[in-house]
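Source: prediction; values computed, not measured. All ligand and atom numbering here is 1-based and tracks the order in the structure.
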Amino acid sequence: MATVQRTYEPQFSDRFYLPAVVRGLWMTFVRIFRRKDTIPYPDRKYVPADGYRGLQRLNKDAEGRIKCVACEMCQTACPAHCITIVPSPAPWDEGEERYPVQFDIDLLRCIFCGFCELACPKEAIELTEIYDYASYTRDDLIINMEGLLKVYDVTSQGNIYKRQNEGESITIDTGKL
Ligand code: SF4
Ligand code: SF4
């Protein structure tokens, strides 16, 4: 049988509503002069703390080449099974011998645990601060290698929300999102 716990016992003064109304109006008035807890999004963006786990990116090396060697460690570590990698011999003569020809992440399945980043031996995949992306279709929320590399281009110059709040115009065109 359910137990109802009463945490507040009505007082005699609760029969008169006017004091409560006045107290409520006073609290509203006092809040006007305090720092606002709300942000006028999207004009201002919330800046998440360092280490926030948002949209992934695929990092590039000093020569602008994808760092990923398609070892599939991240795919193996992913508890949501949302990473798909197709490896291939690398087309360049010097450097890593493998690279991915396909690297997809199903963002609707991803739980942003960060295990992929931890598992990567090449620091090739990283979670970024990006939290505000959306789409009308499920297919569009599968981000591919091109999109993940574009996220790197945009986020490697610093936190995008800080830069947007400082007036920099940034658009993230990943092709789909
Ligand atoms: S953050 Fe977690 S769930 Fe998302 S792709 Fe990486 S390992 Fe998979
Ligand atoms: S992102 Fe890292 S762990 Fe995943 S396949 Fe590439 S190199 Fe391996």
Problem - N59 side chain vs E123 backbone, donor-acceptor pair below 3.5 Å - result: yes
Fill in the blank from the handout: Taking every heavy atom of P48 against every heavy atom of N159, the minimum-distance pair comes out as O-ND2, 4.2 Å
Exercise for the section: Could you tell me the residue and atom name of the protein heavy atom closest to atom 3 (S) of ligand 1, and the distance to it rounded to 0.1 Å? Expected result: I111 N, 3.4 Å
Completion exercise
among protein heavy atoms, the one nearest atom 8 (Fe) of ligand 1 is C78 SG, 2.3 Å
Exercise for the section: Provide, to 0.1 Å, the distance between atom 2 (Fe) of ligand 1 and the closest protein heavy atom, together with that atom's residue and name. Expected result: C113 SG, 2.3 Å
Exercise for the section: Provide the number and element of each atom of ligand 1 under 4.0 Å from a heavy atom of F112. Expected result: 1 (S), 4 (Fe)
Exercise for the section: Check the side chains of R57 and T155 for a donor-acceptor pair under 3.5 angstrom, ignoring hydrogens and angles. Expected result: yes
Exercise for the section: Go through the side-chain N and O atoms of Y8 and D14 and say whether any donor and acceptor fall under 3.5 Å apart. Expected result: yes
Practice task
For E9 and T7, indicate whether the former's side chain and the latter's backbone hold a donor-acceptor pair under 3.5 Å.
Solution key: no
Practice task
Answer with side chain, backbone, both or neither: which part of E117 has a heavy atom less than 4.0 angstrom from an atom of ligand 1?
Solution key: neither
Problem - Any donor-acceptor N/O pair, Y161 side chain to Y131 backbone, under 3.5 Å - result: yes
Practice task
For atom 4 (Fe) of ligand 2, check which protein N, O or S atoms are under 2.8 Å away and list them.
Solution key: C74 SG
Exercise for the section: State the atoms of ligand 1, each with its element, that fall below the 4.0 Å cut-off from a heavy-atom position in C110. Expected result: 1 (S), 3 (S), 4 (Fe), 5 (S)
Practice task
Scan residues 43-84 for pairs that pass ring pair (Phe, Tyr, Trp, His ring centres under 6.0 Å), counting only residues two or more places apart or in two chains.
Solution key: none
Problem - Pairs meeting criterion ring pair (Phe, Tyr, Trp, His ring centres under 6.0 Å) with involvement of residues 15-38, two or more places apart - result: F12-F16, W26-F29, F29-F33
Practice task
Would you mind listing every side chain to side chain donor-acceptor pair (under 3.5 Å) that reaches into residues 85-113, with sequence neighbours excluded?
Solution key: E96-K122, Q102-D104
Completion exercise
Near P121 (heavy-atom distance under 4.0 Å), the atoms of ligand 2 are 3 (S)
Problem - Any C82 heavy atom less than 4.0 Å from ligand 1 - result: yes
Problem - Distance-only side-chain donor-acceptor flag, N165 / R163, under 3.5 Å - result: no
